[in-house]
Amino acid sequence: MSQELTDRQKAVLDFVHAHREQHDEFPTLREIQAHFGFASPFAVTRHLQALERKGVLTRQPGKARAFTSPASPKRPPLIQIPVFGVIPAGLPAANAQYVEPDETVSVDAASLGLRRNARLFGLRVRGDSMIGANIIEDDIVFLSPREPTPGQIVAALIDGESTLKRFLRQQGRVFLRAENPRYPDLIPATELTIQGVMVGLLRRTTPT
């Protein structure tokens, strides 16, 4: 178990963490010395050795920057996803999406199984037609602009109106299905355009 740190040791450890976050590597003795105004690199070494004894730094013999910090793991890569208004999870509605994003959210790319350069957009859900898929009012669904396969949840423009539904194909016919028995299947009369395939979800409220 690590021992309690002095104020100076906490400051050194905080600097190490901040430097690793910004530069993705451990600071040099000279960089720590310059930041704190220590008289020599030896003073830095003493602080690092004390942090090592207290279990918050680990030495890596034979390396130029010979310490790592198990207490400060690298943060996962984040991607910024624009949220373009709302989409009905109910009956389709015209003009449900906007050109300018209402907000941007930061999401761990790995948690969605995506690359950092993935093209995504978000839409805020209105309605209850997808509750059977655990998608509720005010959830933000993340979508990738790609062709769907049957069974995937999509944001679609059906006969000029937007909606969030499950994309299905039967006997060569495509249609949209809700995850709530109160809503009928939606069969396009003239047009069905898939705007995005759902790849993730952000919930900011707790369902009641």
Side-chain angles (χ1 to χ4, degrees), residues 1-85 100-125 133-146 152-153 196-208:
M1 181 181 296
S2 60
Q3 305 173 44
E4 185 176 353
L5 304 182
T6 66
D7 289 342
R8 177 62 79 176
Q9 289 166 356
K10 289 178 182 177
V12 171
L13 188 62
D14 287 344
F15 176 74
V16 167
H17 289 174
H19 191 281
R20 288 191 65 196
E21 290 287 344
Q22 183 175 357
H23 302 286
D24 200 27
E25 63 183 1
F26 198 90
T28 65
L29 297 183
R30 293 290 184 185
E31 286 169 334
I32 300 174
Q33 178 189 355
H35 181 81
F36 289 99
F38 291 134
S40 69
F42 178 70
V44 178
T45 300
R46 286 190 304 168
H47 283 292
L48 296 178
Q49 289 173 340
L51 292 171
E52 182 186 12
R53 288 194 300 271
K54 293 183 177 182
V56 293
L57 289 182
T58 301
R59 184 181 294 273
Q60 291 186 312
K63 293 192 176 182
R65 303 189 180 198
F67 289 93
T68 62
S69 173
S72 178
K74 285 183 62 177
R75 292 180 180 177
L78 298 179
I79 52 178
Q80 303 297 315
I81 302 179
V83 178
F84 292 104
E100 295 298 326
D102 289 353
E103 61 180 304
T104 301
V105 295
S106 300
V107 177
D108 172 11
S111 69
L112 297 179
L114 298 169
R115 301 185 306 275
R116 293 189 65 179
N117 61 351
R119 292 174 55 235
L120 299 177
F121 65 97
L123 294 169
R124 189 177 296 278
V125 174
N134 195 31
I135 301 172
I136 64 172
E137 181 91 6
D138 282 333
D139 282 350
I140 294 176
V141 290
F142 301 126
L143 302 116
S144 173
R146 63 177 188 239
Q152 291 183 313
I153 294 172
V197 175
M198 180 176 162
V199 296
L201 177 147
L202 176 65
R203 178 161 299 160
R204 291 180 171 175
T205 60
T206 303
T208 56

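Because only heavy atoms are used, hydrogens play no part in the values below, and waters and symmetry mates are left out as well, while side chains stay in. Starting from 1, each residue takes its place in the sequence as its number.
Nearest approach of H47 to Q9, heavy atoms of both residues: ND1-CG, 4.3 Å. Annotation for G196 and L143: closest pair O-CD2, 3.4 Å, computed over non-hydrogen atoms. Taking every heavy atom of both residues into account, D139 and N134 meet most closely at OD2-O, 3.9 Å. Between V44 and F38, the shortest heavy-atom contact is CG2-CD1, 3.4 Å. Here the shortest heavy-atom pairing between G122 and I81 reads N-CG2, 3.7 Å.
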Derivation of the side-chain hydrogen bond (donor to acceptor under 3.5 Å, both in side chains) call for T104 and Q80: CA-CA 6 Å; T104 301; Q80 303 297 315; 5.7 Å; no
Side chain to side chain contact (heavy atoms under 4.5 Å, CB included) between L202 and F142, worked out: CA-CA 8 Å; L202 176 65; F142 301 126; 3.7 Å; yes
V197 and I153: CA distance, side-chain angles, deciding distance, side chain to side chain contact (heavy atoms under 4.5 Å, CB included) verdict: CA-CA 6 Å; V197 175; I153 294 172; over 6 Å; no
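At a threshold of 4.5 Å between non-hydrogen side-chain atoms, the residues R119 and P145 count as touching. Side-chain contact check for D138 versus V125: every heavy-atom pair is 4.5 Å or farther apart. In this structure, the side chains of L201 and I140 stay at 4.5 Å or more apart for every pair of heavy atoms.
Residue V12 is tested with V56, L48, L57 for a side-chain contact (heavy atoms from CB on, under 4.5 Å); the sole match is L48.
A salt bridge links R124 with E103: the distance from a Lys NZ or Arg NE/NH1/NH2 to an Asp or Glu carboxylate oxygen falls below 4.0 Å.
For the atom pair R46 CZ and S40 OG, the distance stands at 7.5 Å (nearest 0.5 Å). The CG atom of L5 sits 5.5 Å away from atom NZ of K54, with the distance rounded to the nearest 0.5 Å.
Ring-plane geometry between F15 and F36 is classed as perpendicular, the angle between the planes exceeding 60 degrees on a 0 to 90 degree scale with a lower cut at 30.
Within a 6.0 Å sphere centred on CZ of R146, other residues, nucleotides and ligands contribute more than 12 heavy atoms.
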